[in-house]
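Read the structure below first, then the notes.
Numbered from 1 within each chain, the chains take letters A, B, ... in sequence-line order.
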Number of protein chains: 2
Amino acid sequence: MTPHVTLKLRGFGDLNDASQTWLADQVQRNVRSLPPRVDLLCQGGGTGPLHVLIEGWAIRYKTLEDGRRQILSVLIPGDMFDINGHLAKSMDHSIATLTPARVALLADDFLDTARKLHPDLEKLLWCDMHVSSAIQRERSTSLGQRTARERMAHILCELFMRQRSVRLAEGGSCAFHLTQTELAEALGMTPVYVNRTLQDLRRDGLIQLEQKCLTILDLTRLEATALFDGDYLKICDADGGAGAHKENAHAF
Amino acid sequence: MTPHVTLKLRGFGDLNDASQTWLADQVQRNVRSLPPRVDLLCQGGGTGPLHVLIEGWAIRYKTLEDGRRQILSVLIPGDMFDINGHLAKSMDHSIATLTPARVALLADDFLDTARKLHPDLEKLLWCDMHVSSAIQRERSTSLGQRTARERMAHILCELFMRQRSVRLAEGGSCAFHLTQTELAEALGMTPVYVNRTLQDLRRDGLIQLEQKCLTILDLTRLEATALFDGDYLKICDADGGAGAHKENAHAF
DNA sequence: CGCTCTGTTGACATACTTCAAAATACGTGG
DNA sequence: CCACGTATTTTGAAGTATGTCAACAGAGCG
């Protein structure tokens with residue numbers, strides 16, 4: 001069974017068989033099983049090696065001195081984190097599991113080896129990082145510009161799409177492991193209002209959400225109410241070839 | 001005169017003389033002068049080479065279909081952008097000048113050459129990228145958790161600190177090229193409320209802001225009202241040495 | 001079967017927005 | 001250097017999206 005990381009990376013471009021088997025091997029070399037709701041890495045603490053989430057959900061979050069907490073991103077199987085850990089002297093944010101999870105800890109020389117022996121893989125890793133940044137930017141845009149309802153619709157679209165791209169969605173349904181309180185922390189709103197916003201979306205026949213399972217009843221309309229444009233999830237194009245820049249829209 | 005990029009990168013770690021002169025040379029090889037308020041790169045359009053902002057201010061922003069605009073980050077002299085442009089097939093956001101600006105376009109093989117001939121420089125480039133991500137995360141945290149007053153205080157602290165670290169602040173003063181409308185777009189609030197928030201901060205004797213010049217009258221108190229912790233601007237430590245991970249705060 | 005966590009509801013409060021207009025600064029051409 | 005048009009800042013009054021508080025109802029779990 002091919003791991004979710006592979007599926008994810010292959011979404012960005014081709015990966016030859018040798019690279020694929022090497023990656024699959026690396027990813028099962030050193031796996032830790034974790035209970036739900038524990039910190040893997042702590043804001044202010046030391047950094048770690050490159051991690052790959054194999055199974056379960058996790059979050060990246062920041063806390064303010066007074067305890068307010070912002071969930072920066074939701075990590076699902078196939079997601080990598082702390083890719084540049086070796087560069088930082090300490091974490092500016094934390095990583096915690098939401099559910100029971102399995103995490104692969106990659107060897108310290110993983111990136112170096114990939115660079116030398118599997119350049120196609122290395123390229124896809126950078127693509128992944130690039131897309132992660134794009135997701136982060138979209139999140140900022142949500143927080144700054146979208147209304148509560150739009151933000152909610154948007155995060156639902158995003159998490160559905162991301163799961164679908166690693167074969168974790170069945171038809172219009174996928175797992176959904178955020179409590180309403182966690183959703184509130186991700187969307188910069190209050191748990192009570194999250195509840196009301198979800199009810200709005202349900203009443204409008206856009207979604208169904210119960211027992212950790214999200215069903216999208218009308219994707220087109222949900223995307224419309226979210227002002228969702230999924231392009232940011234697939235702006236990468238490792239096959240496009242180096243230097244082959246598209247015509248540049250320079251104003252000057 | 002050493003360019004701001006060099007100052008910035010040297011903030012992350014040492015850079016030997018050969019790398020410094022090579023960098024300084026690369027950065028003045030192909031410089032474009034731009035008028036204020038023009039797009040350099042357009043959302044949806046093609047990507048470009050690695051850019052370095054030499055002089056003037058610019059912004060990274062995203063627009064929603066209906067015209068709402070979120071300023072994602074403010075670029076000041078020494079900042080680089082589009083570092084991974086070659087990986088993406090299109091831009092998920094735009095870059096525009098705010099003031100008249102000068103921008104260096106680096107050669108397509110800049111990164112490759114740096115990797116081969118100036119590994120110390122390459123490392124600092126990744127550090128820079130890493131810090132940019134941290135800034136982006138802090139921005140999300142602001143948008144999601146901080147009140148209008150806190151967000152305002154925070155962005156003022158950040159822009160002051162960043163300018164200071166490239167010698168662009170004199171005492172407690174620095175340039176400030178955002179209009180109140182732009183400030184509003186960066187902070188996810190309304191221009192009117194930006195105005196009122198600024199007046200609050202002024203009335204409280206925290207800042208002075210007039211004629212594109214910001215003066216911080218009481219940094220300690222401003223940081224306190226912002227819940228500002230400047231560590232995120234200097235989490236990088238290229239000298240720390242590869243593999244020398246600090247003791248890890250694993251919960252498991 | 002009782003505890004704790006999560007979801008739901010209602011009434012009320014407020015931080016922030018909206019609209020609209022005046023005052024001030026800013027740039028440009030004459 | 002002035003005069004005019006445009007962009008920015010400032011002010012006031014009124015509206016609303018979202019937050020707060022508090023209580024209750026289910027669900028999950030040992």
Side-chain angles (χ1 to χ4, degrees), chain A residues 35-38 57 59 64 66-71 96-100 142-156 175-203 207-214 225, chain B residues 35-38 57 59 66-71 96-100 142-156 176-203 207-214 225:
Chain A
R37 283 152 215 269
V38 298
W57 281 30
I59 50 174
L64 261 36
D66 65 359
R68 275 175 280 174
R69 175 166 104 139
Q70 177 66 33
I71 293 182
T97 59
L98 285 178
T99 67
S142 258
L143 289 168
Q145 300 300 325
R146 286 188 246 253
T147 66
R149 182 188 164 92
E150 290 165 348
R151 281 196 309 264
M152 178 64 73
H154 194 275
I155 203 173
L156 298 180
F176 197 85
H177 294 290
L178 294 172
T179 65
Q180 293 185 2
T181 304
E182 286 152 355
L183 265 177
E185 290 171 325
L187 299 178
M189 55 206 250
T190 236
V192 173
Y193 206 60
V194 163
N195 184 286
R196 294 182 164 132
T197 307
L198 281 173
Q199 290 182 52
D200 280 356
L201 296 180
R202 283 194 271 246
R203 173 160 3 93
I207 61 157
Q208 209 175 310
L209 176 54
E210 49 191 34
Q211 281 146 198
K212 318 256 166 229
C213 173
L214 167 68
T225 92
Chain B
R37 282 153 216 271
V38 298
W57 282 30
I59 50 174
D66 66 359
R68 275 176 280 175
R69 174 166 105 138
Q70 176 65 34
I71 293 183
T97 59
L98 286 178
T99 66
S142 257
L143 290 168
Q145 301 299 325
R146 285 188 248 254
T147 65
R149 182 187 163 93
E150 291 165 348
R151 283 196 307 263
M152 179 62 75
H154 194 275
I155 204 174
L156 297 180
F176 197 86
H177 294 290
L178 295 172
T179 66
Q180 293 185 4
T181 304
E182 286 152 355
L183 223 23
E185 290 171 324
L187 299 178
M189 54 207 248
T190 239
V192 173
Y193 206 61
V194 163
N195 185 284
R196 295 182 165 132
T197 307
L198 281 173
Q199 290 182 52
D200 281 356
L201 295 179
R202 282 195 271 248
R203 173 158 6 92
I207 62 157
Q208 208 174 311
L209 176 53
E210 50 190 35
Q211 280 145 199
K212 319 255 166 230
C213 173
L214 166 68
T225 92

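- The separation between B/L187 atom CG and C/dA15 atom C1' is 15 Å, rounded to whole Å.
- One interatomic measurement links the two molecules: CG of A/L178 to C1' of C/dG7, which rounds to 15 Å at whole-angstrom precision.
- For the pair A/V192 and A/A148, nearest-nucleotide mapping onto DNA chain D gives the more 5' position to A/A148.
- Residue B/R37 is in sugar-phosphate contact alone, with no base atom involved, counting any heavy-atom pair closer than 4.0 Å across all strands shown.
- Atoms CD (B/E185) and P (D/dT8) sit 10 Å apart, rounded to a whole Å.
- To the nearest angstrom, P of D/dT11 lies 15 Å from OH of B/Y193.
- Between A/Q211 and D/dA27 there is no side-chain N or O to OP1 or OP2 distance below 4.0 Å.
- The nearest whole Å value for the distance from the CE atom in B/M189 to the C1' atom in C/dC16 is 9 Å.
- Under 4.0 angstrom from either OP1 or OP2 of D/dT9 there lies no side-chain N or O belonging to B/N195.
- One interatomic measurement links the two molecules: CG of B/L98 to C1' of D/dA7, which rounds to 15 Å at whole-angstrom precision.
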Requested in this report: Tell me, with the steps shown, if B/T99 and B/K212 meet side chain to side chain contact (heavy atoms under 4.5 Å, CB included).
Outcome: CA-CA 11 Å; B/T99 66; B/K212 319 255 166 230; over 6 Å; no
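- Shown here for A/R146 and B/R68, the closest heavy-atom pair between the two residues is CA-NH1, 3.7 Å.
- Between its two ends, the helix from C/dC1-D/dG30 to C/dG30-D/dC1 turns its axis by 60°, counting five pairs per end and rounding to 10 degrees.
- Between B/R202 and the phosphate of D/dT10, there is a side-chain N or O to OP1/OP2 separation shorter than 4.0 Å.
- The phosphate of C/dT18 has OP1 or OP2 within less than 4.0 Å of a side-chain N or O from B/T190.
- Counting non-hydrogen atoms under 4.0 angstrom, A/R146 reaches nothing in the nucleic acid.
- Salt bridge annotation for B/R202-B/E210: absent, with no cationic side-chain nitrogen under 4.0 angstrom from a carboxylate oxygen.
- Remark: P of D/dT9 and CG of B/L198 are 9 Å apart, rounded to the nearest angstrom.
- Residue B/Q199 has no polar side-chain atom (N or O) positioned under 4.0 Å from OP1 or OP2 of D/dT9.
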Query raised in the report: Should A/M189 and A/T197 be marked as a side chain to side chain contact (heavy atoms under 4.5 Å, CB included) after you check the CA-CA gap, both sets of side-chain angles, and the distance that decides it?
Result: CA-CA 10 Å; A/M189 55 206 250; A/T197 307; 3.5 Å; yes
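- The minimum heavy-atom distance linking A/L143 with A/R151 is given by the pair CA-CD, 4.0 Å.
- Listed here is the closest heavy atom pair of A/A184 and A/P191: CB-N, 3.6 Å.
- A donor and an acceptor atom sit less than 3.5 Å apart, one in the side chain of A/R196 and one in the base of C/dG10.
- Between the P atom of C/dG7 and the CG atom of A/L209 lies a distance of 8 Å, rounded to the nearest Å.
- No engagement by A/R68 is indicated, since no non-hydrogen atom pair under 4.0 Å with the nucleic acid exists.
- Shortest non-hydrogen contact noted between A/T97 and A/P35 is OG1-O, 2.8 Å.
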Query raised in the report: How far apart are the C-alpha atoms of B/L198 and B/I207, what are their side-chain angles, what is the distance that settles it, and do they pass the side chain to side chain contact (heavy atoms under 4.5 Å, CB included) test?
Result: CA-CA 8 Å; B/L198 281 173; B/I207 62 157; 4.0 Å; yes
